[in-house]
Amino acid sequence: MTAAPADEPRGEDAPLRLAAHASPGLSGTATIPGDKSVSHRALIFGTLAVGETRITGLLEGEDVLDTARAMRAFGAAVTRDGPGAWRVQGVGTGALAEPADVIDCGNSGTGVRLIMGMMATCPISATFTGDGSLRHRPMGRVLDPLALFGARAVGRRGGLLPLTLVGAEAPVPVRYATPMASAQVKSAVLLAGLNAPGETVVIEREATRDHTERMLMAAGAEVSVSETPEGHAIALTGRPELRPLTVAVPRDPSSAAFPVAAALVSEGAEVLVPGICLNPTRAGFYTTLAEMGAEIAHENPREEGGEPVADLRVRFSALAGVEVPPERAPSMIDEYPMLACLAASAEGPTVMRGIAELRVKESDRIAATVAGLRANGVAVDEHEDGMTVHGRGPGSVPGGGLVATHLDHRIAMAFLVMGLGARAPVTVDDARPIATSFPDFRTLMAGLGARIQPAG
């Protein structure tokens, strides 16, 4: 497997400190990489199908490449034919091979949790690990429902990586109400249910991103979705023979958030961001921007790979602070750090509640965002389940501070974007993790005229 080129190295190299300088007049076209959520799932469903799955537009960041390596370890033949073009020769839901070595999922919580679900109802064992950040993220939220199928986990206290998961010898179907809004937990349970007899049901209080359900249906699984007194219910009939797919991965709305936000804070900017996935379970960020007064036109709406898509034309805008409805959180959970940094340039307070889930992402994203804003002269209140940013309008961010990223790619990118509209440069202590999700971030932003440079 050939890895895609990346701006930032991976491993134990010296930190890459970058500074973003004010960059008025950003312009051009920002071609965003493929959606990370769909890319992970395309590789996993290709492995579980019988036959050859063909994928175009796959995100070739480190997180997805780690999933590709894991699928090989479980017996799939995974081949890269060219940039974004991949083939997966699947083995079927009940025929996974037992990995000969430890499965290293790098920085990807999505990858490790979905892969655990995939194998939990197969009579095999696998040992999982990840980087320093992933080894501190909670796995119990997935291990608890997987135990109901009959799987067993052995590892560190608190369900932390590294751990070994022993798949169920005689899996049983499960009915499970998720205690938090998490597409990862829902997807892990549905993937486990594929190799369990009978009907597995997942119930959510709030609907989360539905890429797993869409791909299950496309592959021929019997899936029904309904609203019940308990919540949003997804029912899956186990042990289907999944057919291979042709997957055109749409462009990632979470990655698109960064050039979109950059255009909004860069005076005189106009940027085109083509082919962005606007699945309603992923588009909360863009709904919120519209409420703030952002000038974003949706051009050429269409469908690609079963997902709604449009080209976004974004112009510099004077934004107003808003209160984001807590129920919107599942549809924009990854975009809150960027929204908070954008809110620093809005007029008035922006209130974000119901986002305690951010405290168990790659970092405590609430604490990291609050600290980074304060380091750059922005007034912000921290809440247990969110934050309130007190913006003072366009061009008001003092900047000049150093942001601790805690090896979190979204914290790094969000504050670099904020720096493009700040009075003084905004510096992040380590930009290497950006390669996990957006390998060409610096190149793309430079092409728009952004000044993001190494800092001493």
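Since the structure is predicted, the reported quantities are computational estimates derived from the model, not experimental observations. Sequence positions, counted from 1, serve as the residue numbers for this chain.
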*Keeping to residues at least two apart or across chains, list the side-chain hydrogen bond (donor to acceptor under 3.5 Å, both in side chains) pairs with something in residues 393-405.*
T405-D429
*asked:* R157: which residues meet the side-chain hydrogen bond (donor to acceptor under 3.5 Å, both in side chains) condition with it, sequence neighbours left out?
replied: none
*Any residue meeting side-chain hydrogen bond (donor to acceptor under 3.5 Å, both in side chains) with R359, in chain and number order, not counting sequence neighbours*: D364, E382
_D311/R302 salt bridge by N-O under 4.0 Å criterion_ = yes
*Have R328 and T288 got a donor and an acceptor in their side chains that come within less than 3.5 Å?*
yes
*For E323, which of V351, T388, T350 qualifies under side chain to side chain contact (heavy atoms under 4.5 Å, CB included)?*
V351
*Those residues that, when tested against R113, pass side-chain hydrogen bond (donor to acceptor under 3.5 Å, both in side chains) (two or more places apart)*: Q184
*Hey, could you give me the CZ/CG distance between R374 and N376, rounded to the nearest 0.5 Å?*
13.0 Å
*salt bridge (charged side-chain N to carboxylate O under 4.0 Å, His left out) involving R365 - partner list, sequence neighbours excluded*: D334, E362, D408
*asked:* Run the salt bridge (charged side-chain N to carboxylate O under 4.0 Å, His left out) test against E204 and tell me which residues pass, sequence neighbours left out.
replied: K186
*Donor + acceptor pair across side chains of D131, S133 (<3.5 Å)*: no
*asked:* Does I115 form a side chain to side chain contact (heavy atoms under 4.5 Å, CB included) with M71? I'd like the steps, not just the answer.
replied: CA-CA 9 Å; I115 295 167; M71 294 306 98; 3.7 Å; yes
